[in-house]
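A short write-up of the structure that comes next.
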Amino acid sequence: MPVSLQALSDFFKNIPSVPVQKLESELLNEKGIELYVRREDLLHPEVSGNKCRKLKYNLLAAAEQNFDTLLTFGGAFSNHIAAVAAAGKLFGFKTIGLIRGEEHFPLNPTLQKATENGIELHYLDREAYRRKNAMEFQKKLRKQFGEVYIIPEGGTNALALKGCTEIIAEIQQNFDVLCCSAGTGGTAAGLLCGLNNEKSMLVFSALKGDFLKDEIEILTQLCGGKTYRNWTLQTDYHFGGYAKTKPELFAFMQDFELQFQIPLEPVYTGKMFFGLFDLIRKNHFPAGTKILAVHTGGLQGNAGFKQEF
Ligand SMILES: *Cc1c(COP(=O)(O)O)cnc(C)c1O
């Protein structure tokens, strides 16, 4: 099946707007906080959440430039790899995933499903993976794989930011603080550009350390080109680092889903909401604050955490 630009643009044009859910709880009442969740996880069952936003203009660009193959990078549990494989199957792109680390059998649920969606997997050792963005390395990839449209790790590039920026224009309700989770920081940067220095944003790092502060600032240069000071990075809720978890995180996620009927995953959204409720409990927000939290999706990853649930 050849890639159809028409089918692609129709797909993105026809994605229905996502619901926004108001959460009701005793704590929120007591603290006078209004909390809304924007269900970007419901954008599409397989090309989910922010990965759908980030892929939109990349897929359109690839089709416009007549590429029939997408090549990208990710960890073994990557939501981005899952989304690229699913998008490839939906729209007729051949897909190649370069995975950090060694091959393990049986494949974990993310890679298994991606393979079923047709992605061709290769593995890069940590040294090679670190060089993945270097010009020389990409030249080598093109020699090996031919004319491929290369999407960076996590899907983060200027076109991805443009896709995330569009979320802001779609938001209908009033809010004071926007919240999102960050891995590469591309989504946060796109949202900041969309906000254009209005309101404020709280970004929850899914990684240990505070280097995302600089990364996000650099990334915003790819869209708005302004300096944004209306945001802070929250670094206290990484639970030991990227994809690291603790039983209390799963306990929180389970309570959250029972109470609000919203499923979370432990790598990004679970940590964000854990942090958000902790901050609310500690009176971080003045009474009357309206918070809008973006559920960025990623629920496919839960299949890899079955034992912990
Ligand atoms: C990838 C991902 C993120 C992080 O997005 P970045 O743009 O890389 O910061 C957040 N939430 C979910 C569910 C994701 O899959």
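Heavy atoms only: backbone and side chains are in, while hydrogens, waters and symmetry mates are out. Whatever order the structure lists them in is the order used to number ligands and atoms, beginning at 1.
For the pair Ser48 (side chain) and Gly298 (backbone), a donor-acceptor distance under 3.5 Å is present.
Residues meeting the side chain to side chain contact (heavy atoms under 4.5 Å, CB included) test with Phe77, sequence neighbours left out: Asn108, Thr110.
In this structure, His80 has its ring center no closer than 6.0 Å to that of Phe73.
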Atom pairs and distances, ligand 1 N/O vs protein N/O under 3.5 Å:
from: ligand 1; atom 1: 5 (O); to: Asn50; atom 2: ND2; distance (Å): 3.0
from: ligand 1; atom 1: 7 (O); to: Lys54; atom 2: NZ; distance (Å): 2.5
from: ligand 1; atom 1: 7 (O); to: Gly186; atom 2: N; distance (Å): 3.4
from: ligand 1; atom 1: 7 (O); to: Thr187; atom 2: N; distance (Å): 2.8
from: ligand 1; atom 1: 7 (O); to: Thr187; atom 2: OG1; distance (Å): 2.7
from: ligand 1; atom 1: 8 (O); to: Lys54; atom 2: NZ; distance (Å): 3.2
from: ligand 1; atom 1: 8 (O); to: Thr184; atom 2: N; distance (Å): 2.8
from: ligand 1; atom 1: 8 (O); to: Thr184; atom 2: OG1; distance (Å): 2.6
from: ligand 1; atom 1: 9 (O); to: Gly183; atom 2: N; distance (Å): 2.7
from: ligand 1; atom 1: 9 (O); to: Thr184; atom 2: N; distance (Å): 3.2
from: ligand 1; atom 1: 9 (O); to: Gly185; atom 2: N; distance (Å): 2.8
from: ligand 1; atom 1: 11 (N); to: Thr296; atom 2: OG1; distance (Å): 2.7
from: ligand 1; atom 1: 15 (O); to: Lys51; atom 2: NZ; distance (Å): 2.8
from: ligand 1; atom 1: 15 (O); to: Asn79; atom 2: ND2; distance (Å): 2.7

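A side-chain donor-acceptor contact under 3.5 Å links Lys226 and Asn196.
Looking only at side-chain heavy atoms (C-beta outward), Tyr123 and Glu102 stay at 4.5 Å or farther from each other. Between Thr69 and Phe145, the closest side-chain pair of non-hydrogen atoms is not below 4.5 Å.
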